[in-house]
Amino acid sequence: MKAEINGIKINYSDEGTGMAVIFIHAFPLDQTMWDEQVAALRDRCRAITLDLRGFGESDVPEGPCLMEEMAADVRGLMSALSVERAVLAGLSMGGYVSLAFYRKYPDAVRALVLADTRATADPIEGRERRMKSAERAEREGASSIADDMVPILLAPSTVETRPRIVRRMRDMVEANSPRGIAAAQRGMAVRPDSTDLLAKIDFPVLVIAGSEDGITPVREAESMGDQIHGSRLRVIEGAGHLSNMERADDFNRALVEFIEEVAKQPSRDRAL
Ligand code: MLT
């Protein structure tokens, strides 16, 4: 389904009823990376996914695509769907967007799942790498980025023994527009540090980390979790950066347990 949000078309899906959980995907993928999580949750709550601007079947605006703009799209989608507060579940870039969302709209967040992500900004070398990667996407296309990303996003054991996951990931990357990929890289490069937000969070937070995540290692997840009062950390053994796809059952166990607990807590918003 598509909604007109902030002047562009955003593709989304909305299944189930009750407390809203909005899943925000990683770079450079699309909303279908959450298929297993939606299947696990749609009978328990309202599971909403979206293709962020520049990805999947959403429009590709001129870049850079800032995390704040993506967060504003999530807020706009919530308004379009009459959702006042939601649990946000973001993986990697989805986590950057979730924190940008919390900075702008703190009252609209009921709980957070921060998976394989970090609150810190990029160091200078990281920004330079992104700028080069953006140019490579524009010059050589999405499959060159898929080549770069397979060994980075997935654990070595996944790459060696689970070709279907590798194929699914590649298909998602290759279906994206090089312009959208470049725009998101440039947007991530200039994202601000969100570490200052962590101590202010006063709702439930689940931090998830793949034990073999080479992009956001477990120690970063621990450090982020330590700064969030009352947060809990779940390490998904054998998973790399895409922990929800690589070990969907373990990821879903942690997710479902968390969502059921959050659902039992009284919400400040009676509409949920
Ligand atoms: C992602 O998975 O969203 C990316 O690895 C995030 C990043 O490049 O920092």
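As the structure lists them, so they are numbered: ligands from 1, and atoms in each ligand from 1. Throughout, numbering of the chain's residues begins at 1 and tracks the sequence.
By the 4.0 Å N-to-carboxylate-O rule, E135 lies too far from R186 to be salt-bridged with it. Using a 4.0 Å cut-off between charged side-chain N and carboxylate O, D14 and R46 make a salt bridge. With salt bridges taken as basic N to acidic carboxylate O contacts below 4.0 Å, one links R136 and D148. The existence of a salt bridge linking R179 and E62 is confirmed by a sub-4.0 Å separation between a basic side-chain nitrogen and an acidic carboxylate oxygen.
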>> What verdict does the ring pair (Phe, Tyr, Trp, His ring centres under 6.0 Å) test give for Y102 and F203, after you've listed the backbone C-alpha separation in whole Å, the side-chain angles of each residue and the deciding distance to 0.1 Å?
In response: CA-CA 11 Å; Y102 171 59; F203 45 69; 5.4 Å; yes

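Between the side chains of S92 and H241, at least one donor N or O lies within less than 3.5 Å of an accepting N or O.
Contacts of ligand 1 (protein heavy-atom distance under 4.0 Å) are A26, F27, S92, M93, Y96, R130, L153, M188, I215, H241.
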